[in-house]
Amino acid sequence: MTASPASTKPPIPHQPDRADRRLPPHFTGDPAADAELLTRHLAASQEQLDALPGRSARTPTQQEKAAALQHAGRLARHRFLHLHTGHVHDELTDGRSRLLRVDELAFAAAERYPGLVPTRARIAADRQVPQAQRSGVEVDQGIFFSHVLRVRESGEHLLLSMLAPTARALALRAEFERTGHADLGRASVQRDGRVAHVTICNQDVLNAEDDAVVEDLETAVDLALLDDQVAVGVLRGAVLSHPRHRGRRAFGAGINLTHLYQGRIGFVDFMLRRELGYIRKLMHGLHLEEAHDELIGPTGGKPWIGAIDSFAIGGATQVALVLDRVIAASDAYFSLPALNEGIVPGAANLRLGRLVGDRMAHRMIFFGQEIAADSQAALALCDEVVAPDAVDAAVAAAAARLDDPAVLSNRRMSRLGQESDDAFRAYMSRYALEQSVRLHSPDVVAKLERTWLNRRRRPSVG
């Protein structure tokens, strides 16, 4: 950390004996002094943690000591951020003049405030081992983002930062506008007249999502939103290559459970980026500083159509909740089996009840109820149900209807009534904490182990 001159640096008050570092320090209220107290406390705690055997080799007594040290460290982070989130965020963003994405903000905080959140190297090391063996330092990221989103000024700035187009999309923009096509790997985008077709291309695992899919989908959505020739977007899953479903389209099978089991799903790069990035861009469009309107804020976006073939499982149903028109094949179904994995289904807890009612939302989330597209219950989840071979025509007709200038103003007003920025920010503040803890909870690891054993000869998706 950058130290203040000795003559102006406030003295650090005497601290009671905390040799075992199981008690958090007493903070003073001064940002610089408290930052130094936090750094010293966390460094000493980490030294004691590093002296213990690896998680799987610890005795019950050592496990208890490790848990106490982690608890004290997390309590210290909470107390420090409760006092100083605004100061920390302003310092990292130069007074909110820089738009930092979630990963950039997290690693800037790790560099400026040692121990507050894990470093890039620590996260990279954790990604090399299965979820069951990971250190759990992502919980510290959850604490950090929970506080950033809790404070209105920093939270609003982060939400706006995540609506900016990615650097990758800006680099590809000119080529896409010239050719109307971009193959991004796990997603593609094709312009057809005034319609951009964004396709999820993770065919061997039923179009499940992982970090790479989120990266490619956000780029594809950005390109569609950046292109002035595009008036309407369509989101659809590619034709599958999986042996049991070969030749069929599917909207998506949720999170890639194999990657989650292997420790390859990131809290920041997947859980937060997904919700604050491409899903929210589908709702609200992009923040373009050169095109920012003080009256309406971000561009307001473009209408999006979802084509639901075969199934929308887990995260795929979460995405469908934010689309303007959902067209489902009559043999498709929706489900939200996040409880089977023990995690929180994104922002579905915020949005699903508004569409289907609280009782149905509870049945879907808590009991994994599947909703067939041709059932009465599905009327709250999709707008139109057609025969599988009629989906293309229905999508084209809906796109023609939504290609109307009046749609944009009505869409903006509709979004204001559906979900305010404050409501979303408050939800995501709690979600950051809850989901980071869930990812590293023993029951989640146990469920992943069972899923892996049951599906080891099949793609593990959910």
Side-chain angles (χ1 to χ4, degrees), residues 183-190 192 195-210 213-214 216-217 220-221 224 232-257 278-279 282 303-337 345 348 355-356 364 368-402 458-459 461-462:
D183 184 347
L184 303 163
R186 297 297 185 182
S188 67
V189 54
Q190 176 72 48
D192 181 8
V195 180
H197 294 266
V198 172
T199 305
I200 306 162
C201 307
N202 207 13
Q203 299 97 318
D204 58 335
V205 289
L206 310 182
N207 292 330
E209 288 189 63
D210 51 33
V213 172
V214 169
D216 294 345
L217 269 178
V221 169
V232 180
V234 174
L235 186 62
R236 197 172 190 180
V239 175
L240 303 175
S241 60
H242 183 276
R244 289 189 296 128
H245 301 275
R246 193 182 306 277
R248 295 176 58 194
R249 279 188 183 269
F251 192 63
I255 191 171
N256 186 323
L257 289 183
Y278 90 83
I279 293 181
L282 291 171
W304 285 87
I305 299 166
I308 313 299
D309 301 283
S310 298
F311 45 75
I313 301 173
T317 288
Q318 296 166 30
V319 173
L321 300 179
V322 307
L323 302 176
D324 299 281
R325 181 82 173 174
V326 176
I327 298 168
S330 56
D331 60 352
Y333 68 88
F334 301 83
S335 71
L336 277 169
L355 293 176
V356 305
M364 291 184 70
Q369 181 173 334
E370 293 182 359
I371 307 299
D374 62 356
S375 68
Q376 186 71 20
L379 293 176
L381 288 171
C382 56
D383 304 286
E384 189 175 355
V385 180
V386 299
D389 60 2
V391 173
D392 288 345
V395 167
R401 174 69 176 177
L402 291 172
R458 296 178 291 164
V461 294

Could you walk me through whether L235 and L217 pass the side-chain contact (heavy atoms from CB on, under 4.5 Å) test, one step at a time?
CA-CA 10 Å; L235 186 62; L217 269 178; 4.2 Å; yes

What are the two closest non-hydrogen atoms of [X] and [Y], and how far apart are they?
X	Y	result
A196	A224	CB-CB, 3.7 Å
A332	F311	CB-N, 4.3 Å
D204	R186	OD1-NH1, 4.2 Å
A187	A220	CB-CB, 4.5 Å
A307	F251	O-CD1, 3.3 Å
A208	V213	O-CG2, 3.6 Å

From [atom1] ([X]) to [atom2] ([Y]), nearest 0.5 Å:
X	Y	atom1	atom2	result
L282	W304	CG	CH2	5.5 Å
L257	D210	CG	CG	11.5 Å
Y333	I308	OH	CD1	12.5 Å
S335	Q369	OG	CD	10.5 Å
L336	Q318	CG	CD	6.0 Å
D183	Q190	CG	CD	10.0 Å

Kindly indicate, with the supporting measurements, whether the criterion salt bridge (charged side-chain N to carboxylate O under 4.0 Å, His left out) is fulfilled by R236 and D392.
CA-CA 11 Å; R236 197 172 190 180; D392 288 345; 2.5 Å; yes

Ignoring hydrogens and angles, tell me if any N or O in the side chain of [X] forms a donor-acceptor pair with the backbone of [Y] under 3.5 Å.
X	Y	answer
T317	A312	yes
R246	S241	yes
N202	E209	no
N207	A250	yes
D309	R249	no

Please determine whether side-chain contact (heavy atoms from CB on, under 4.5 Å) holds for the pair V319 and Y278, giving the CA-CA distance in whole Å, both sets of side-chain angles, and the decisive distance to 0.1 Å.
CA-CA 10 Å; V319 173; Y278 90 83; 3.4 Å; yes

Quick one: side chains of residues 375-390, donor-acceptor pairs under 3.5 Å with protein atoms, not counting sequence neighbours, listed by atom name and distance.
residue : atom : partner : partner atom : Å
S375    : OG   : A372    : O            : 2.6
D383    : OD2  : V326    : N            : 2.7
E384    : OE1  : R325    : NH2          : 3.2

Output all residues satisfying side-chain hydrogen bond (donor to acceptor under 3.5 Å, both in side chains) with H245, sequence neighbours left out; order by chain, then residue number.
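H245 satisfies side-chain hydrogen bond (donor to acceptor under 3.5 Å, both in side chains) with R248 only.
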
Taking side chain as C-beta onward, heavy atoms only, is V232 less than 4.5 Å from I305?
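Counting from C-beta outward, V232 and I305 do come under 4.5 Å.
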
